[in-house]
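Have a look at the structure below before the remarks.
Values below: all heavy atoms of this structure, side chains included; hydrogens, waters and symmetry mates excluded.
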Amino acid sequence: MPGAALITASVSISEPFPPLDPLRMPNEPPPSSPRALEPYDRVSEVLFGLVMVLTFTGSLSVAQAGREDVHAMLIGALGCNLAWGFIDAMLYLMGCLAEKGQGLITYRALRRATDPRQAQRLIADALPPIVASVVTAAELQALQQRLQALPDPPKRARLNGTEWLGGLAVFALVFATTFPVALPFVFLRDAGIAMRVSNAIAIVLLFVTGYAFGRTAGLRPWLVGILMVLLGLLFVAMTILLGG
């Protein structure tokens with residue numbers, strides 16, 4: 001919900017969107033310790049990185065693979081996750097910028113609105129549905145007055161340090177997940193044993209990722225962990241079958 005950020009510039013409402021920094025009042029303290037990535041973002045990036053590297057390790061024929069084949073597989077896995085980490089980080093930053101831009105558009109529309117009901121409708125649309133359902137007309141009017149008293153918004157949206165750090169974290173997560181799954185092929189000369197160790201590590205990582213997501217989402221962590229393993233293996237199988 002792009003416009004939700006402008007609401008936190010005026011009042012303290014608990015919602016999942018970070019405040020739009022350029023719209024913060026000059027004497028208002030910055031938000032405390034904003035996260036570069038939310039837990040579900042971290043889970044999705046780790047899962048994405050694991051699926052990518054498993055696509056390469058799973059396509060290796062251990063019965064016929066020599067050291068050159070293993071070396072080529074490792075280079076391919078590292079290169080793939082390096083490229084996709086960069087692409088995913090750029091998409092993350094583009095999403096942040098688009099969300100801020102939409103917030104500015106909503107804020108400018110609010111300031112230009114001459115009809116109080118139209119302004120209050122813009123505010124209600126920017127709020128999370130559960131919050132909008134309990135906010136009264138008087139509260140919306142108070143929000144409107146406080147928002148319209150804020151300084152003029154900037155001409156364009158800009159990324160802040162936290163968002164740049166989030167993009168770096170996206171890249172690092174996708175790229176770093178290559179190593180635990182690929183390292184057995186570096187240290188073990190027997191490709192068959194390396195494959196079994198690599199698969200065991202991947203299954204553990206998929207389970208831990210699902211377990212962490214289950215705790216974050218208020219679901220059953222063990223069940224979500226098992227489902228994440230099955231989902232990850234299904235993604236890998238589909239990727240390999242479709243030419244990966």
Specify the closest pair of heavy atoms between [X] and [Y], including all atoms of both residues, with the distance to one decimal.
{"X": "G85", "Y": "V170", "value": "O-CG1, 4.5 Å"}
{"X": "A89", "Y": "G167", "value": "CB-O, 3.2 Å"}
{"X": "P184", "Y": "I201", "value": "CG-CD1, 3.8 Å"}
{"X": "P180", "Y": "A176", "value": "CD-O, 3.2 Å"}
{"X": "M228", "Y": "G210", "value": "CB-CA, 3.6 Å"}

Reported CG-to-CZ distance for the pair L82 and F86, which is rounded to 0.5 angstrom: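 Rounded to the nearest 0.5 Å, the CG-CZ separation comes out at 9.5 Å.
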Distance (rounded to the nearest 0.5 Å) between N199 CG and L206 CG: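 These two atoms lie 10.5 Å from each other.
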Same cluster or not: W84 versus L91, using hydrophobic residues (I, L, V, M, F, W, Y) connected whenever any side-chain heavy atoms lie under 4.5 Å apart?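 Yes; L91 is reachable from W84 via cluster members.
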Indicate if I87 and V53 have the same hydrophobic cluster label, given that clusters are the connected sets of ILVMFWY residues with side-chain heavy-atom separations under 4.5 angstrom. yes
Is it the case that more than 12 heavy atoms not belonging to R215 sit under 6.0 Å from its CZ atom?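 Count not over threshold, so no.
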Take atom CE in M90; do more than 12 heavy atoms of anything else shown fall under 6.0 Å from it?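 Enclosed.
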Donor-acceptor contact below 3.5 Å, side chain S198 vs main chain A182: no
Between R158 and K100, is there a donor-acceptor pair closer than 3.5 Å when you use the side chain of the first and the backbone of the second?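 Absent.
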With side chains defined as the heavy atoms from C-beta onward, is the minimum distance between Q141 and P116 less than 4.5 Å?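 No, their side chains stay 4.5 Å or more apart.
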Listed by chain and number, what are the side chain to side chain donor-acceptor pair (under 3.5 Å) partners of T136, not counting sequence neighbours? E139
Side chain to side chain donor-acceptor pair (under 3.5 Å) filter on Q145, not counting sequence neighbours, yields none
With sequence neighbours left out, which residue pairs that include part of residues 192-211 fulfil the ring pair (Phe, Tyr, Trp, His ring centres under 6.0 Å) condition? F207-W222, Y211-W222
Residues that [X] engages under side-chain contact (heavy atoms from CB on, under 4.5 Å), provided they are two or more places apart:
{"X": "R196", "value": "I193"}
{"X": "L159", "value": "L93, C96, L97, E163, W164"}
{"X": "L122", "value": "A109, L110"}
{"X": "V224", "value": "F213, L219"}

If a pair satisfies side chain to side chain donor-acceptor pair (under 3.5 Å) and one of its residues is in residues 168-179, list it, with sequence neighbours excluded. N81-T178
Taken in chain and number order and not counting sequence neighbours, the residues that satisfy ring pair (Phe, Tyr, Trp, His ring centres under 6.0 Å) with F179 are F175
Only one of V135, I130, V131 clears side chain to side chain contact (heavy atoms under 4.5 Å, CB included) with S133; which?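 Between S133 and the candidates, side chain to side chain contact (heavy atoms under 4.5 Å, CB included) is satisfied uniquely by I130.
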Who clusters with V208? Use side-chain heavy atoms, under 4.5 angstrom, across I, L, V, M, F, W and Y, and order the result by chain and number.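 Its cluster mates, by chain and number, are V204.
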Other than V134, what residues sit in its cluster of Ile, Leu, Val, Met, Phe, Trp and Tyr side chains whose heavy atoms are under 4.5 Å apart, directly or through others?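 Other cluster members: none.
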How would you list, by chain and number, every residue that makes a salt bridge (Lys or Arg N to Asp or Glu O under 4.0 Å) with R117, sequence neighbours excluded?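 Counting only residues at least two positions away or on another chain, R117 forms a salt bridge (Lys or Arg N to Asp or Glu O under 4.0 Å) with D115.
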